[in-house]
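Reviewing the structure listed below.
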Amino acid sequence: MAEAYDFRSIEAKWQKRWEDTQIFLAREDSGRTKYYVLEMLPYPSGDLHVGHAKNYTFGDVVARMMRMLGYEVMHPMGWDAFGLPAENAAIARGADPNQWTRTNIANMQRQVRLMGTGYDWSREITTCDPEYYRWNQWLFLRLYEQGLAYKREAPVNWCPHDRTVLANEQVIDGRCWRCETLVERRNLSQWFLKITAYAQRLLDDLEKLDGWPERTRAMQRNWIGRSEGAEFWFAVEGSQERISVFTTRLDTLFGATYVAIAPEHPAVAKIVTPEQREAVARFAKNLQSKSELERTSLLEKEGVPSGAYAIHPLSHERIPIWVTNYVLAEYGTGAVGGVPAHDQRDFEFAHKYNLPIVEVIVPPGQEPSPQVREAYIPDGVLINSGEFDGTTSAQARKAIARRLSELGVGEEKINYKIRDWLISRQRYWGTPIPVVYCERCGEVPVPDGQLPVRLPPNVPITGEGSPLARDEDFVKTTCPKCGGAARRETDTMDTFFESSWYYLRYLDPRNTTLPWDPAKARYWMPIDQYIGGAEHAVLHLLYSRFFYKFFADRRWVSGPDEPFTRLFHQGLVLHEGERMSKSRGNVVGIDESVHQHGVDAMRLFLMYVTPPEDTSDWTDTGATGRIRFVNRVWRACAPYVKQAAKVDPRKLPEPKNASESALLAAVHAAAKSAIDETVSRRFHYNTTIAKFDEYVNALTVLEQSDPNSLVAAYAVAALPLIMAPFAPHIADELWERLGHSQSVHLEKYFEPDARALTVDQITLVVQVNGKVRARLNVAPGTDEEQAYALAIQQSTVIAQLDGKEVRKRIFVPDKLLNLVV
RNA sequence: GGGGGUGUGGCGGAAUGGUAGACGCAGCCGCCUCAAAAGCGGCCGGGCAAAACCCGUGUGGGUUCAAGUCCCUCCACCCCCACCA
């Protein structure tokens, strides 16, 4: 093999070979311990770039390592194929969404194969296949039966550009997460999933997920947003209405000098006085015309008096009710007690409208302020609070809650920020919601036997209104209950529905009677290592946890009721320091990169440039370094292949000299690093690949001094085993040239031997008062006395000791000797 | 405002409390070559002519025989959430 390394033909050869021999199939009956590693399934947007490559390469290295370490590895791939871009392509250039999606999938399949990733393709799924989405519908019906899927009218987020509603999780800074259009509020009748029923469990179980990044757990905690407080009501003077409010600061209750209420609150219409009716209506209308963003980013708090008065539940004082722009209709009860002295927002509002400011909390041992200039937020001691004066905030919260409860006007309460998950979309390219509306029977779920409710082809997509609603052939149906005329639901499901359970379908992708066989879930679940972007922290990852808990409650899965034991967020890939984007024209595509550098070099570069969780920067010069490495491997191995073919890489040779033991140590250190980074789940393969460099460097050194070295031949024989998960193509090619008939990827991983890692000379550091003064080359195991005797002969040490007495010696075997004087 | 995180050469980064800067990129010098590319060898934190010595992991302190690493202070930057009552 004197020829130069031709990565193009060799990589293509092995990709075909792996596929033909199906070496990556996952089975349940191997008797091995299972390991399920999964990258979040991609949306088939058209082309893969090196950012995708980093993600899939990382998962593939982990999968190949675990397989060689003796696990039965599940590593599947699929396509998250429903969604807006297909439909937008249809609107923009008349493409058929199905055709558009299928074309993209075909191209991306080709590219994924081009990367040499070892997937079990027999389990591939595509979520827009009727055989997939029928199980979406089936699961929806099970949720419906349990009261966890329901329809109601509610103020929802409406994206005027995409002409659909959005889940709360899909509104980012008041804008649509896809097109960044300002989102509007609309009252619409929509389907929801009752994720709030699982709020507490979703929160509590975050504690168990110690294999997740802390920031992701923190984000979910914040999103669920539990707060402990109390709910109580104000009577409205001269009315039967009561205004309920939620507060976490019941200790400040006596400081409430007004009630603030959201304009959308249903009580507003009932309590507003005739004189104020017009002003309130105008205020509400003005506010409604504003987008969510304009509304929530308003700095100025404004309001109008309703004209009505509330009665304070304890002091029985009469306080005004104001309709304001700063109380959220969707959180808590939509109304709050205004406590200007102890809440900055209330302070600003009261200041503007000259409402009274009553101080009720002071720091312990302090007098009330002569003039309140800003809200005092911390806990303290109560004043101006009747019988509660002198108690601490913490005591007062309990005591006041008790009193309100005795009076029957309130109680302690836990509130969550999380809302139910809105899944209706007024779009075409999604799973039809399996419900019909019958004039006689009302809302009727489609029976299982009639699934799937198929998405009709050739529906014109103009972007105006729900496309399915215009397809009369689809809409007109008969009632499953009475057989009478009925109309189908024309909304489709949020695509996060299908991605909340797809990892279970991989386990049993061709099952025609159930979405998956619970026995298969018992073997494979939970997912041992999940890999994907941090942007899904509260969308996909929270929805999936919710679904999985529902499945666990139904006993469709067993074991822990969390689907993802360990989670890893890979970092972005930049290009020369900039974010890759089509508009910048700086996207580094897979085809281009593979053609230029080869797959192995690309994989090595992506794993080498940073630890996988960090942002990495694709630079052509950096990638060049890994091409050099691949070529170096080839050149360094070439002269030894003949000899290495006769050497057993599992049998440790005896080194004859220092270069040989250095190479031997480098070989074993490289394997040890690969194993350590994998089993520790740290995955810092950048350090492993650095050790590959040292491996090949040591081999090159030996090659020049001793072309017949047996240790060098051994290093060449072992190299494919050690590098296989990282550079799978060149590894298999070398393995074959060494005379092996079976793929190296089916071999057991190389086992590092501690004996090889011990070298005959170590550097022992001599410190004086903690500063390094000399380095001794000694045999490992040199004891303290020997080391000391050598150390005090060193001129640099003598100079530092300068006749002073050595008060203390610290000796760390094979590491250092510190002399304290 | 709340939460999470990060600060190490020109750059990416390495370092179970124990030799700071492994490995690579860029750069510089040399060998090879008619020449270039590739390859091979060497240098590469700062100060000094310099082995020695001094300084050096955002800042200031502390713990320790020993701190990039542990604790506290401050500074800077990044990410997420946010009139959430």
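Bear in mind the structure is a predicted one, so any value in this text is a computation, not a measurement. Scope of the values below: all heavy atoms of this structure, side chains included, with no hydrogens, waters or symmetry mates. In the text below, chain A, chain B and the rest are named by the order of the sequence lines, each starting its count at 1.
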Taking atom [atom1] in both [N] and [M], what distance in whole Å separates the two?
| N | M | atom1 | value |
| --- | --- | --- | --- |
| B:G13 | B:A82 | C1' | 35 Å |
| B:G68 | B:G7 | P | 14 Å |
| B:C23 | B:U73 | C1' | 36 Å |
| B:G60 | B:C28 | C1' | 39 Å |
| B:C79 | B:G45 | C1' | 31 Å |
| B:G27 | B:G17 | P | 37 Å |
| B:G3 | B:C72 | P | 16 Å |
| B:C25 | B:G9 | C1' | 13 Å |

Closest approach to the side chain of [X], judged atom by atom: which nucleotide of [options] is it?
| X | options | answer |
| --- | --- | --- |
| A:His684 | B:U19, B:C80, B:A14 | B:A14 |
| A:Lys808 | B:C65, B:G24, B:C81 | B:C65 |
| A:Asn222 | B:G4, B:G2, B:G12 | B:G2 |

Could one point to a donor on the side chain of [X] or the base of [N] with an acceptor on the other under 3.5 Å away?
| X | N | value |
| --- | --- | --- |
| A:Glu214 | B:G5 | no |
| A:Asn818 | B:C65 | yes |
| A:Lys301 | B:C83 | yes |

Under 3.5 Å for both pairing distances: what stems, at least three Watson-Crick or G-U pairs long, include RNA chain B?
B:1-7 with B:75-81, B:10-12 with B:23-25, B:27-31 with B:39-43, B:45-47 with B:53-55, B:60-62 with B:70-72
Ignoring backbone atoms, test whether A:Thr619 places a side-chain nitrogen or oxygen under 4.0 Å from the OP1 or OP2 oxygen of B:G12.
no
Tell me whether the OP1 or OP2 atom of B:A85 has a side-chain N or O from A:Tyr331 closer than 4.0 Å.
yes
Walk me through whether A:Glu302 and A:Lys352 qualify under side-chain contact (heavy atoms from CB on, under 4.5 Å).
CA-CA 8 Å; A:Glu302 288 178 345; A:Lys352 177 164 178 170; 3.6 Å; yes
Could A:Glu228 and A:Arg397 be called an ion pair, given the rule that one side-chain N must be under 4.0 Å from one carboxylate O?
no
Going by the glycosidic torsion and a 90 degree boundary from 0, is the base of B:G47 oriented syn or anti?
anti
Contact class for A:Lys691 (heavy atom, under 4.0 Å): base, sugar-phosphate, or nothing?
nothing
Regarding A:Arg632 and the six-membered ring of A:Phe629, is the cationic atom NZ or CZ under 6.0 Å from the ring centre and inside 45° of its axis?
no
Going by distance alone, is a donor N or O of one side chain under 3.5 Å from an acceptor N or O of the other, for A:Tyr685 and A:Ser673?
no
Would you say the side chains of A:Arg775 and A:Gln794 form a donor-acceptor pair under 3.5 Å?
no
Backbone N or O of A:Tyr376 within a donor-acceptor pair of the A:His342 side chain at under 3.5 Å?
yes
Who pairs with A:Arg682 by salt bridge (charged side-chain N to carboxylate O under 4.0 Å, His left out), at least two apart in sequence or on another chain?
A:Glu677
